[in-house]
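Along the sequence shown, residues are numbered consecutively beginning with 1. Hydrogens, waters and symmetry mates play no part in the numbers below; they use all other heavy atoms, side chains included.
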Amino acid sequence: MPTLYEATATAWGGRDGRVTSSDDRLDLNLSIPRGMGGDDGPGTNPEQLFATGYAACFHSALKAVARARKVDVADSAVSVTVGVTGGLAEGIDLAVTIEAQLPGVPEETSRELLDLAHQTCPYSRATRGNVQQDVRLVTEED
C-alpha cells in the first residue's frame, strides 16, 4: 500500500526531556506525572500526546463515516483518556477510553457511527488487540 503521509519525531531524555517533530511544528518539554513517580513538572507526557492524536484521529473518522451516511455531527466532540496500568513486575500497559458526544443525533445512529469510526480510525486499528479500548457514547443523561 502506498504511504499517504509520514511524521517523524525525536525525543531526548525520555519521559523527562524534550520532543520535537522533524518539521519543527512541535517542540515540547516532557515531565513525568506524579502518579508515575515524577515531579509533575510543567511539560507534557507521552500519554497526553497519544490521547491528543487519538482524539483527533477518531473524531476525523467519526466525521467521515457520518458524512458518508449524511448525518450532521457538526457539534460533536471526542475525548480520549489514556491510562497507564500494571507495574514493572507484571508489565506496564495502556488502556484507552474514547468518549464521544453527538448532540442532536439519535442514540442508535450515534452508536452505529461510533462503531464504524472505531473500525475505521487508524489509531483504533493499530491498537486493537494490544490496548484495552472502551468506546462510550456520552448522552444528555450523563
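- Interatomic distance, Arg111 CZ to Arg136 CZ, rounded to the nearest 0.5 Å: 11.5 Å.
- Atom-to-atom distance recorded for Gln132:CD and Thr97:OG1 is 7.0 Å, nearest 0.5 angstrom.
- Note that the CZ atom of Arg15 and the CG atom of Leu30 stand 9.0 Å from one another [nearest 0.5 Å].
- For Thr127 (side chain) and Val131 (main-chain N/O), no donor-acceptor pair under 3.5 Å exists by modelled atom type.
- Around atom CD of Glu108, no more than 12 heavy atoms belonging to other residues, nucleotides or ligands sit under 6.0 Å away.
- Screening Asn45, Thr20, Val19 against Leu28 for a side chain to side chain contact (heavy atoms under 4.5 Å, CB included) leaves a single residue, Val19.
- Across Ile32 and Gly37, no two heavy atoms sit closer than the pair CG2-C, 4.4 Å.
- Of all non-hydrogen atoms in His118 and Ser124, the two that sit nearest each other are ND1-OG, 2.9 Å.
- Counting only N and O atoms by type, the side chains of Thr81 and Glu99 include no donor and acceptor under 3.5 Å apart.
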- [ ] Evaluate the criterion side chain to side chain contact (heavy atoms under 4.5 Å, CB included) for residue pair Leu94 and Thr85; output intermediate values, then yes/no.
- [x] CA-CA 6 Å; Leu94 297 177; Thr85 64; over 6 Å; no
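- Using a 4.0 Å cut-off between charged side-chain N and carboxylate O, Asp39 and Arg34 make no salt bridge.
- Relative ring orientation between Tyr54 and Phe58 is described as tilted, the plane-to-plane angle lying within the 30° to 60° band.
- Taking each heavy atom of Ser31 and Pro42 in turn, the nearest pair found is OG-N, 3.5 Å.
- Enclosure of atom CZ in Arg125 is not indicated, since only 12 or fewer non-hydrogen atoms of other residues, nucleotides or ligands lie within 6.0 angstrom.
- Counting heavy-atom neighbours within 6.0 Å of Gln48 CD, excluding the residue itself, gives a total above 12.
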